[in-house]
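The structure appears below as structure tokens.
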There are 2 protein chains.
Amino acid sequence: MREGSIRTTSFDVAALAGVSQSAVSRAFKPGSSIAAETREKVLDAARKLNYVPNSIASSLTTHRSNIVAIILGDLNNPFYTHVLQTFGRELQALNRHMLVFTLTEDMHTDDAIMQLLPYQVDGVILTSAQLSTRMVGMCHDRGIPVVLFNRYIPNTGAFGVRCDNPAGGRQIAEAFLAAGARTFAMITGDPKGTTSADRATGFVDRLLDAGIPRSAINSYEGGSSYEGGVEAAKAMMANDATPPDAIFGINDIMAMGAMDVLRIEYGLRVPEDVMVAGFDDIPEGARLPYRLTTVRQPINRMVRATLDLLNLENPDSSVDIASDLPIGGHLVWRNTIPPAKSE
Amino acid sequence: MREGSIRTTSFDVAALAGVSQSAVSRAFKPGSSIAAETREKVLDAARKLNYVPNSIASSLTTHRSNIVAIILGDLNNPFYTHVLQTFGRELQALNRHMLVFTLTEDMHTDDAIMQLLPYQVDGVILTSAQLSTRMVGMCHDRGIPVVLFNRYIPNTGAFGVRCDNPAGGRQIAEAFLAAGARTFAMITGDPKGTTSADRATGFVDRLLDAGIPRSAINSYEGGSSYEGGVEAAKAMMANDATPPDAIFGINDIMAMGAMDVLRIEYGLRVPEDVMVAGFDDIPEGARLPYRLTTVRQPINRMVRATLDLLNLENPDSSVDIASDLPIGGHLVWRNTIPPAKSE
DNA sequence: CTGAAAGCGCTTACAG
DNA sequence: CTGAAAGCGCTTACAG
């Protein structure tokens, strides 16, 4: 049985401090016109009463909640755990808070948006695909900016922050070619998203440019998870007993899954028997058993670009469109591609 | 430049539907006394206007936000990613939302609580330690239940949901003993929390009971992370060139870090040269390279117990204290401890 | 700089 | 079942 807690309001504080309720409100708002002395009196009284302003009430008048919604599609990929952590830190610094939605089988992006609309959030960050134009409209009508993270959806009118995925794919292709690879496999991620497709396109285009025949490039779906990477590698080996020279995991976690099966179940050595590369540069891929060569996604810059586009501080001003441009990633050389062959 | 979005309120819907504003409010509240026909009219009008009730406004009157705060101490341990995912799913089912705080260097639990107090959350879930009694008081005064997850703090008056950690530690000790181990190392986690200490205590007690001398049990701090596990294993090897018979990682992620160094840098085989066990049963520990023997934390049951103690549905009723009892975990046999020796 | 008062968008007794 | 009205706890012109 919880006792009926008596709520302390700004009126109680005003009474104790001997000022008006307006003064209490002003005391808690930085930059408002109030005498330093009055503010002190109020703050003292508030301290004595353990008073904390009710942001629900203030949101109602200001139409700002200081809450940003973040919709997470896939926590099975540690990349997004790092993303969440980074957003948490940066939002913290801006004095904003995160309302987090983790998508499940029966809840899609649109449902999540419908659920967050009532909360009058100041913005929404989307790390999952499949957003409908209608939902972008719902947000837009309410003045809620939405920005996609690590993806974009053409013609939705929502910003899409991402790194230069095609360029990254090309860099991996070049590294493989330089190391002498001539046959290839790709393990692809979410077929509905732009990210996997863009990386694959860059990769394949560069290979074709180098004169590699299309028939020397196979592709397997890995569903963006470790387990998917495992299954894709098995499918690949079932398909053809001799592995390709090089495997491009469209993200690190799938590359890691593939490496594990290839080494443990098929006794293959990386990179001696088969080269591997990933994409993202998650810390997990840098660990001892993997030392994965990959393309680093500039998470910090991507997060900051996202926040810029959300334009939290000054919602009525226009936004710097340049933040919507792809950000360059760069190749991180580790041990899963041998150094270039000088022939 | 975002256009000044015109807010649609219940009054607009009422006007269109030709009913009172109260009727609109009732139409959206399940179980309220309203004619089915009236509700339909309202819902139709709402649909036409893309109206969604403003929960900020309703929270102000009802004093319920339907938001639960969850404070995450350590996303470097994947266990907590899984915990977050589980809470997300269960809270979803209860139509509640999560305000997530990720703790950083310069933000501690108490700061996070101070930040969430203004939001009138319906409850707070804490997966980090170091909560002050004063903060529990602040929450209590406001009628906000707080429950600790995977830890407890004696005498704070906050519930602490956890699995039976001492029993888990004992089970690991028994498995090691049965497999013939006679010298031991522990890699411990957060020294300020109860969880690591409880597991260690159960482990050591069981060993001592079996006549193992205290001098045969060494302990290394691993800071609850993969990297910490790596460092602890290195420290162990530096300390004594011959490894112990068995290593107990107080959690899986540290055990995984230790396994990786031991095998890759020291060429040791697991379990032939050194046995290893963890605690938590994170999916990552079940992967091919590890196949880690561990104690499963019953996350689903722990999450449900937490939600029970939060008592979201009926905040004025009393809570089932039994949910505060430790929940049994069980040993998951995999490949890092050989089967019992029959001598 | 300060206070009285209207208003933010709902919910919920109250009366009918 | 329905509507008019007070109230939730703030913010912010407005007047002084």
Side-chain angles (χ1 to χ4, degrees), chain A residues 4-43 45-46 49-67 117-122 142-143 315, chain B residues 4-43 45-46 49-67 117-122 142-143 315:
Chain A
S5 50
I6 302 98
R7 271 171 288 275
T8 306
T9 74
S10 53
F11 284 92
D12 302 315
V13 177
L16 181 59
V19 298
S20 73
Q21 181 271 336
S22 325
V24 176
S25 182
R26 293 194 183 100
F28 280 94
K29 183 174 176 173
S32 52
S33 106
I34 184 173
E37 187 190 0
T38 312
R39 169 168 279 148
E40 271 322 307
K41 263 197 303 195
V42 170
L43 263 21
L49 297 175
N50 274 338
Y51 169 80
V52 171
N54 181 332
S55 8
I56 297 287
S58 74
S59 299
L60 190 57
T61 18
T62 60
H63 301 295
R64 302 288 293 170
S65 60
N66 291 330
I67 290 178
L117 247 21
Y119 285 98
Q120 317 288 107
V121 296
D122 294 345
R142 287 164 174 72
Chain B
S5 50
I6 303 96
R7 272 171 286 274
T8 306
T9 74
S10 53
F11 283 92
D12 302 317
V13 178
L16 181 59
V19 298
S20 73
Q21 181 272 334
S22 325
V24 176
S25 181
R26 294 196 182 97
F28 279 94
K29 182 172 178 174
S32 52
S33 105
I34 185 175
E37 187 189 359
T38 312
R39 169 169 277 148
E40 271 321 308
K41 262 197 304 194
V42 169
L43 264 21
L49 297 174
N50 275 337
Y51 169 79
V52 171
N54 181 332
S55 4
I56 297 286
S58 74
S59 299
L60 190 56
T61 18
T62 59
H63 301 294
R64 301 290 294 170
S65 60
N66 291 329
I67 291 179
L117 245 22
Y119 284 98
Q120 317 289 107
V121 296
D122 295 344
R142 287 166 175 72

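What you see is a predicted model; the values in this text were computed from it and never measured. Numbered from 1 within each chain, the chains take letters A, B, ... in sequence-line order.
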Mind calculating the distance between [atom1] ([X]) and [atom2] ([N]) to the nearest angstrom?
X: B:Arg64; N: C:dC10; atom1: CZ; atom2: C1'; answer: 17 Å
X: B:Asp12; N: C:dC8; atom1: CG; atom2: P; answer: 11 Å
X: B:Tyr119; N: D:dC8; atom1: OH; atom2: P; answer: 22 Å
X: A:Leu60; N: D:dT12; atom1: CG; atom2: P; answer: 12 Å
X: B:His63; N: D:dG7; atom1: NE2; atom2: C1'; answer: 9 Å
X: B:Glu40; N: D:dT2; atom1: CD; atom2: P; answer: 13 Å
X: B:Gln21; N: C:dC8; atom1: CD; atom2: C1'; answer: 13 Å
X: A:Phe11; N: C:dA5; atom1: CZ; atom2: C1'; answer: 10 Å

Determine the contact category for [X]: base if any of its heavy atoms lies under 4.0 Å from a base atom, sugar-phosphate if only primed atoms, P, OP1 or OP2 are that close, otherwise nothing.
X: B:Tyr51; value: sugar-phosphate
X: A:Ser33; value: base
X: B:Ser22; value: base
X: A:Ser58; value: sugar-phosphate
X: B:Thr38; value: sugar-phosphate

### Task
Rounded to whole angstrom, note down the P distance from D:dA13 over to D:dG9.
23 Å

### Query
If the P atom of D:dA6 is compared with that of D:dT2, how far apart are they to the nearest Å?
22 Å

Quick check: does any side chain N or O of [X] sit under 3.5 Å from a backbone N or O of [Y], one acting as donor and the other as acceptor?
X: B:Ser55; Y: B:Ser58; answer: no
X: B:Arg26; Y: B:Ala35; answer: no
X: A:Thr8; Y: A:Tyr51; answer: no

Nearest to the [X] side chain among [options], which nucleotide is it?
X: B:Asn54; options: D:dC1, C:dG9, C:dT12; answer: C:dG9
X: A:Arg26; options: D:dG3, C:dT12, D:dA13; answer: D:dA13
X: A:Thr61; options: C:dT2, C:dC8, D:dT12; answer: C:dC8
X: B:Ala23; options: C:dC1, D:dG3, C:dG9; answer: D:dG3
X: B:Ser10; options: D:dT2, D:dG3, C:dC10; answer: C:dC10

### Message
If the cut-off is 4.0 Å, is A:Arg7 near the phosphate of D:dG9, judged by side-chain N/O to OP1 or OP2?
### Response
yes

### Query
Does a nitrogen or oxygen in the side chain of B:Lys29 sit under 4.0 Å from OP1 or OP2 of C:dT12?
yes

### Message
So, taking the atom named CG in B:Asn50 and the one named CZ in A:Arg142, what distance separates them when rounded to the nearest 0.5 Å?
### Response
6.0 Å

What are the two closest heavy atoms between [X] and [Y], and how far apart are they?
X: B:Ser65; Y: B:Ser59; value: CA-OG, 3.5 Å
X: B:Val13; Y: B:Ala46; value: CG1-N, 3.8 Å
X: B:Asn66; Y: B:Asp122; value: N-OD2, 2.7 Å

### Message
Which helical stems does DNA chain C take part in, if a stem means at least 3 consecutive Watson-Crick or G-U pairs with both distances below 3.5 Å?
### Response
C:1-3 with D:14-16, C:5-12 with D:5-12, C:14-16 with D:1-3

### Query
Relative to the 5' end of DNA chain C, which residue comes earlier, B:Ala57 or A:Arg39, by the nucleotide with the nearest heavy atom?
A:Arg39

